[in-house]
Amino acid sequence: MATDTLKSTSGASGASAVRRLLLDNGALTALIALVIAMSALSGDFLTTDNLLNIGVQAAVTAILAFGVTFVIVSAGIDLSVGSVAALSATVLAWMATSEGVPVWIAVILAVATGIAAGLVNGVLISYGKLPPFIATLAMLSVGRGLSLVISQGSPIAFPSSVSHLGDTLGGWLPVPVLVMIVMGLITAVILGRTYIGRSMYAIGGNEEAARLSGLRVKKQKIAIYALSGLFAAAAGIVLASRLSSAQPQAAQGYELDAIAAVVIGGASLAGGTGKASGTLIGALILAVLRNGLNLLSVSAFWQQVVIGVVIALAVLLDTVRRKAGATPVAAGTGSPGNRGKQAATYLIAAVVAAAIVGAMSFVHGGSSSPATKKVGLSLSTLNNPFFVQIKAGAQQEAKKLGVHLTVTDAQNDASQQANQLQNFTSSGLGSIIVNPVDSDAAGPAVRSANKADIPVIGVDRGVNKANTAALVASDNIAGGKLGAKALAEKLGGQGKIVILQGLAGTSASRERGAGFAEGLKAYPGIKVVAQQPADFDRTKGLDVMTNLLQAHPDVQGVFAENDEMALGAIKALGSKAGKSVSVIGFDGTPDGLKAVKNGTLYASVAQQPTELGRIAVENALKSAEGKKVEKTVMVPVKVVTAQNVAGFTG
């Protein structure tokens, strides 16, 4: 009986130990499980190139998250890190190019910009008594606005000497990964080995007790937010280096990814817990998720759902862990025995991961099929009917030709598109089709495809400083000129007009606007009384047009750089649309053409997006098979009015 009891107790103790190990290392367990799942589902996941891609794609989020870790450990929040990253990179590029400042000074100024933004946050929170959420939300808006002001809404080429941060060492080891590791080590040292690190845990655990024990809480908070700004600046420089340009709209939403990485890594939003290794694991989990879901051709919309579920599960796990008594140990505060156990845990995880890599490589070995009929299509956004039509045309042609087409949505994020293109390259596709968010930013990723001998087809927009087998496009500048001519002639060469601009920094907005301005030179009687961005969005088009009508009630014409904004303007104009005010859009979308038929939209400069998608897939297959394709395939644009809309199919 005693022996049976001993066995039972021993078994229970073993089960409890395993359970405690899983609870104490939930993020690490989740990462290993994800790697196993993705390895089983995709034979392309465990290639060396793809694993390096994951590291590169995690780098910017991880560096931002390391800075956010300081804030969350001290029971704060920082929503401004994405905007501060973009602002710092913009300052560097602007100072080094437009102002002619030496690059090393420009780098110092960029880092100083990030620190200054953090200091402002800290002062507002410590001495202004603003809640961290409000103070950093304000800085989010200010940082993004200043980035747009400095850059005038257009990307700025990054100095080549700094762009090497986005390259590789020895032709295989990515520099962003090295920067991520260095910043992670710095974070670990600060949290575990310094006075300010211990202060963070004390403030996060109980701020009042920390103050009463003699800590200068206000000054410590200022330093904490300054550190967050410093790390944001480093992340912005790395991101811009990857894209070879400073994008004023870069890193939008990255603050949420950074917070998610910290929380997934085991930190509590209530403060007092968190460590660098956990944050790194959290960032890797997000990168593995996005990378694997891209390889599995999962919709970008569903990717957001999956990531949201993962974040919710991470918080639930934290709750379960606390109820089970598995309180996370603050960095550097555990006993030598505990730290030894933690090191052993990571060693075991590394061994398990290596075993998985070997096993899955064996399972998938020799199973790859010919890639010539596998094509990837990266679209700048699917939140716009024009690009949805490109997708539809591409899918129809792919089905007809027997091509396996993988479509991804960059959501107007140049960095996300770079990740998607890298994933396509590591998957060994026959060819890649890209509709760039920005022509300069897509260059480095397309050059990687060039090195892998994967032909790339540009659609709608070209790619700068990289080789494309073909460009399938309509001429945005020519379309802008046609729009100017059509509107001016409708107004009889005289009148006041307003312009609704697209998303700042995008090539489509720049080119359409430039073409329209050029076309108007022939009509000196047409006066542009206002031009404002509405971001290619119908709701914003409605709001901006409503505001402009207050200042210019006598406006007679509107040129919108896409149909969505034009439709919003029509809503704002009400009964004036199509009668006293003529509106011209761009793209020839189904809703736009319907408005042309109804007479509320005078015209749309149509680009035939379905045809763009069809021809792009046709050329992608030809180039993958080694057949000759035309370097430039131009799909004609035309002005569609009520007179010819019935015969236009798009």
Side-chain angles (χ1 to χ4, degrees), residues 56 59-60 63-64 66-67 80-121 139 142-171 173-183 185-186 223 225-251 254 414-415 418 438-445 447 464-466 504-505 510:
V56 172
V60 172
I63 295 169
L64 283 174
F66 289 140
S80 68
V81 289
S83 294
V84 172
L87 175 60
S88 299
T90 301
V91 167
L92 194 164
W94 176 63
M95 295 299 292
T97 54
S98 300
E99 300 302 308
V101 173
V103 171
W104 68 272
I105 296 179
V107 171
I108 293 174
L109 291 173
V111 172
T113 299
I115 295 173
L119 287 172
V120 171
N121 284 334
M139 183 56 70
V142 170
R144 186 68 61 187
L146 287 175
S147 180
L148 289 166
V149 168
I150 292 169
S151 66
Q152 296 297 302
S154 299
I156 304 174
F158 224 51
S160 57
S161 56
V162 186
S163 290
H164 291 311
L165 284 174
D167 295 337
T168 58
L169 291 179
L173 182 58
V175 176
V177 174
L178 292 178
V179 176
M180 174 180 71
I181 292 170
V182 170
M183 299 304 280
L185 291 173
I186 292 172
Y225 280 93
L227 276 173
S228 180
L230 168 63
F231 277 65
I237 294 170
V238 171
L239 175 59
S241 299
R242 284 193 62 207
L243 303 177
S244 293
S245 62
Q247 305 277 326
Q249 295 285 7
Y254 281 35
S415 176
D438 179 79
S439 299
D440 289 317
R447 289 197 295 271
N464 296 338
K465 298 180 181 178
R510 293 197 304 271

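These numbers come from the heavy atoms of this one structure, side chains and all, not from hydrogens, waters or symmetry mates.
- With sequence neighbours excluded, the residues satisfying side chain to side chain contact (heavy atoms under 4.5 Å, CB included) with S161 are V103, P159.
- Pairing each heavy atom of K465 with each of R447, the nearest pair is O-NH1, 2.8 Å.
- Between atom CZ of residue F66 and atom CG of residue L185 there is a gap of 8.5 Å, rounded to the nearest 0.5 Å.
- In this structure, L230 CG and Y225 OH are separated by 16.0 Å, a value rounded to the nearest 0.5 Å.
- Remark: A233 engages S88 in a side chain to side chain contact (heavy atoms under 4.5 Å, CB included) (not counting sequence neighbours).
- Applying the side-chain hydrogen bond (donor to acceptor under 3.5 Å, both in side chains) rule to pairs touching residues 107-120 yields nothing, sequence neighbours excluded.
- With hydrogens and angles ignored, the 3.5 Å screen pairs a side-chain donor or acceptor of R144 with a backbone N or O of A250.
- The closest donor-acceptor contact from the side chain of E99 to the backbone of A96 lies at 3.5 Å or more, if one exists at all.
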Report task. Carefully, step by step, assess I63 and L239 under the rule side-chain contact (heavy atoms from CB on, under 4.5 Å). Result -> CA-CA 10 Å; I63 295 169; L239 175 59; over 6 Å; no
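- Taking each heavy atom of L64 and A85 in turn, the nearest pair found is CD2-CB, 4.3 Å.
- The shortest distance between side-chain heavy atoms of M139 and V84 falls below 4.5 Å.
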Report task. Could you walk me through whether V60 and S415 pass the side-chain contact (heavy atoms from CB on, under 4.5 Å) test, one step at a time? Result -> CA-CA 10 Å; V60 172; S415 176; 5.6 Å; no
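- The shortest side-chain heavy-atom distance between L243 and D440 does not fall under the 4.5 Å cut-off.
- Under the side-chain contact (heavy atoms from CB on, under 4.5 Å) test applied with R242, the options P444, S163, P176 reduce to a single match, P176.
- Under the 4.5 Å side-chain criterion, counting only non-hydrogen atoms from C-beta, P174 is not in contact with M180.
- T90 pairs by the side chain to side chain donor-acceptor pair (under 3.5 Å) definition with S147, not counting sequence neighbours.
- The line from OG of S228 to CG of L119 is 11.0 Å long, rounded to the nearest 0.5 Å.
- We find the CG-OG distance between D438 and S245 to be 5.5 Å, quoted to the nearest 0.5 Å.
- Between S151 and P248, the shortest heavy-atom contact is OG-CB, 3.3 Å.
- Counting heavy atoms from C-beta outward, L92 and F158 have side chains that approach closer than 4.5 Å.
- Take S244 and apply the side chain to side chain donor-acceptor pair (under 3.5 Å) test, not counting sequence neighbours, and it matches no residue.
- For S439, there are no side chain to side chain donor-acceptor pair (under 3.5 Å) partners, not counting sequence neighbours.
- Applying the side-chain contact (heavy atoms from CB on, under 4.5 Å) test between F231 and each of I186, I115, V81 identifies I186 as the sole match.
- Smallest separation of non-hydrogen atoms from A466 and G443: CB-O, 3.8 Å.
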